[in-house]
Amino acid sequence: MMNSVRNNDFQDLITGRRSIRNYDPSVKISKEEMKEILTEATLAPSSVNLQPWRFLVIDSEEGKATLAPLAKFNQTQVNTSSAVIAVFVDMNSLDYTDRIYNDAVEKGLMPAEVRDRQIPGIKGMLSQVPVQEMREMNLIDAGLVSMQLMLAARHHGYDTNPIGGYEKDQIAEAYGMDKERYYPVMLISIGKAADAGYQSVRLPVDEITEWK
């Protein structure tokens, strides 16, 4: 019976998701709950566990006023959502290698000898990777965390809308961030839906899948 309930919850989580553009502006998400959602999102996998994603939660009037001219075609989401989360990748994520792997050893999740073998290998390999290839790797990881964030939000009873159309070349500096270090990925509006949204069609799996 428990498995059946869990399966139903998962099915609703996946099939019930909608890209919502109009939210109930009276609904606010507390900082504590937002941190829970982000924490659950960061359980997503990443290349050699470097976790290059970084989040900017835009939920104040001042923050949204700054965002408004940068997301001109998404004003409804900006104005009515509880928050807009700007997802970035940190191009200096390699600097966190020691911290991440040392923490894993301290928490008993990795043997010290594995850490001592992997850290030099990771640093040696990735320090030679061209910037464009590193960015592409980070963007894959950011896509994983972004999808998990949207599912985590739905689990908490909120809806989301991923946004790619905004002034990506201006957003980092607009919020005092180093634009060379923090590369923008997408915006994700989050809040309580004010309408049901619309279902969308998907190509049949038989048309987009090959079996060998």
Side-chain angles (χ1 to χ4, degrees), residues 29-60 63 66-67 70 82-156 158 160 162-164 166 168-190:
I29 302 175
S30 69
K31 185 175 182 179
E32 290 72 21
E33 187 172 20
M34 185 67 78
K35 288 174 69 174
E36 288 181 17
I37 293 170
L38 294 175
T39 298
E40 291 163 4
T42 60
L43 296 176
S46 63
S47 303
V48 294
N49 198 29
L50 287 187
Q51 307 160 51
W53 43 70
R54 302 293 181 264
F55 306 112
L56 172 66
V57 179
I58 305 167
D59 62 354
S60 68
T66 300
L67 180 61
L70 305 179
S82 298
V84 177
I85 302 170
V87 182
F88 295 85
V89 292
D90 184 354
M91 294 302 295
N92 291 354
S93 60
L94 189 59
D95 294 346
Y96 291 81
T97 308
D98 290 271
R99 176 180 173 183
I100 291 170
Y101 281 76
N102 286 338
D103 283 352
V105 172
E106 290 176 10
K107 293 177 180 178
L109 303 176
M110 176 183 291
E113 58 268 24
V114 174
R115 173 200 60 192
D116 296 341
R117 183 173 65 249
Q118 289 194 355
I119 286 179
I122 291 169
K123 289 183 175 180
M125 176 183 66
L126 294 184
S127 63
Q128 303 300 316
V129 171
V131 172
Q132 180 59 29
E133 289 185 22
M134 190 71 174
R135 182 181 293 120
E136 290 174 359
M137 183 182 79
N138 288 342
L139 286 173
I140 292 173
D141 295 339
L144 292 170
V145 81
S146 295
M147 187 71 250
Q148 186 136 317
L149 195 163
M150 288 186 279
L151 293 176
R154 179 156 174 75
H155 179 70
H156 281 256
Y158 301 111
T160 57
I163 299 169
Y166 63 101
K168 293 185 177 181
D169 60 333
Q170 301 176 37
I171 189 165
E173 284 186 311
Y175 291 95
M177 301 170 66
D178 181 352
K179 67 181 297 184
E180 299 302 321
R181 176 174 178 176
Y182 299 105
Y183 188 81
V185 179
M186 71 176 75
L187 303 176
I188 301 175
S189 60
I190 178 173

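Here the structure is a predicted model, which means the values were calculated and not measured. Note: hydrogens, waters and symmetry copies are ignored here, and every other heavy atom, side chains too, is used.
Taking the side chain as every heavy atom from C-beta outward, Met34 and Phe55 never approach each other to under 4.5 Å. Using a 4.5 Å cut-off on side-chain heavy atoms (C-beta onward), Val185 and Val89 make contact. Between Ile171 and Leu187, some side-chain heavy-atom pair lies under the 4.5 Å cut-off. Using a 4.5 Å heavy-atom cutoff, the side chains of Ile140 and Glu136 are not in contact.
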For residues 112-125, run the donor-acceptor check on the side chains, cut-off 3.5 Å, and write out each pair with its distance to 0.1 Å, sequence neighbours left out.
| unit_1 | atom_1 | unit_2 | atom_2 | d |
| --- | --- | --- | --- | --- |
| Arg115 | NH1 | Asn102 | OD1 | 3.3 |
| Lys123 | NZ | Asp98 | OD2 | 2.3 |

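Within the structure, side-chain hydrogen bond (donor to acceptor under 3.5 Å, both in side chains) contacts touching residues 36-46 (residues at least two apart or in different chains) are Glu40-His156. Applying the side-chain hydrogen bond (donor to acceptor under 3.5 Å, both in side chains) rule to pairs touching residues 85-94 yields Arg54-Asp90, Asp90-Arg181, sequence neighbours excluded.
Side-chain N/O atoms of Gln51 and Asn49 include a donor and acceptor closer than 3.5 Å.
A distance of 4.0 Å separates CD1 of Ile188 from OG of Ser146, quoted to the nearest 0.5 Å.
Formation of a donor-acceptor pair under 3.5 Å by the Tyr158 side chain with backbone atoms of Ala152 is not found in this model. Side-chain atoms of Tyr175 come within 3.5 Å of backbone N or O of Leu67 as a donor-acceptor pair.
Here the closest non-hydrogen pair linking Trp53 and Val145 is CE3-CB, 3.4 Å.
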